[in-house]
Amino acid sequence: MNYWLFKSEPDEYSLDDLASEPDQTGRWDGIRNYQARNFLRDKVNAGDGVLFYHSACKVPAVVGTAEVMRAAYPDPAQLDPESPYFDPKASDENPRWYCVDIRWQSQFARAVPLAEIKQHPALADMVLVKQGRLSIQPVTAAEWSLLLQLGTGAGPGL
DNA sequence: GCCAACGTTGGC
DNA sequence: GCCAACGTTGGC
């Protein structure tokens with residue numbers, strides 16, 4: 001059982017968008033970065049926990065959680081010429097990109113902003129803090145439970 | 001909208 | 001395989 005942080009721009013796909021999918025389950029596709037792809041393809045398993053993070057918005061923050069329902073399979077968008085995620089170098093036999101299915105699990109009572117995560121001594125080593133641009137990243141069990149705690153409504157100082 | 005950090009591309 | 005040029009991410 002592993003923990004992850006998935007980034008999404010809420011204008012593109014928010015936690016609410018996931019919640020309104022049929023069965024509250026959506027495909028996490030469009031990942032076109034090799035480091036993120038490798039995590040997805042090799043490490044993300046069904047049952048893993050996901051911190052849902054909103055990026056490129058007014059208050060970047062962890063806003064809730066999701067659960068991985070299906071481990072990696074080839075991202076269909078790479079073969080669709082109409083898709084913005086189309087990749088001419090990918091094929092059925094040799095897919096380059098992968099996606100997973102995740103299901104909405106919870107919305108935090110209080111979103112935990114990046115600014116607060118950066119300030120928190122116990123969260124200073126998060127990949128989110130150290131490597132700003134990675135859209136799929138591992139989270140430790142300790143970071144996971146602390147984030148959940150902060151998200152239940154306890155303030156930063158508590 | 002700016003810009004720093006980082007990733008990717010392509011010439012050589 | 002190096003590296004310059006360019007593109008993208010994402011915080012501020």
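Reminder, nothing fancy here: chain letters follow the sequence lines and each chain counts from 1.
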**Message:** Mind checking if A/K118 touches a base, just sugar-phosphate, or nothing, with heavy atoms under 4.0 Å?
**Reply:** sugar-phosphate
**Request:** Measure the shortest side-chain to side-chain distance between A/L150 and A/L123 over non-hydrogen atoms and say whether it is less than 4.5 angstrom.
**Result:** yes
**Request:** Answer with base, sugar-phosphate or nothing: what part of the nucleic acid does A/E9 contact at a heavy-atom distance below 4.0 Å?
**Result:** nothing
**Asked** Does anything in residues 44-60 of chain A pair up under side chain to side chain donor-acceptor pair (under 3.5 Å), and if so which pairs, sequence neighbours excluded?
**Response** A/W4-A/D48
**Message:** Do A/Y98 and A/D29 pair up side chain to side chain, a donor and an acceptor below 3.5 Å, judged on atom types alone?
**Reply:** no
**Request:** Would you mind telling me which of A/R27, A/R37, A/R32 makes a salt bridge (Lys or Arg N to Asp or Glu O under 4.0 Å) with A/D75?
**Result:** A/R32
**Message:** I'd like the 5' and 3' limits of the part of DNA chain B contacted by chain A, with heavy-atom contacts below 4.0 Å.
**Reply:** B/dA5 to B/dT8
**Prompt:** Between A/D87 and A/W97, do the side chains contain an N or O donor and an N or O acceptor separated by less than 3.5 Å?
**Reply:** yes
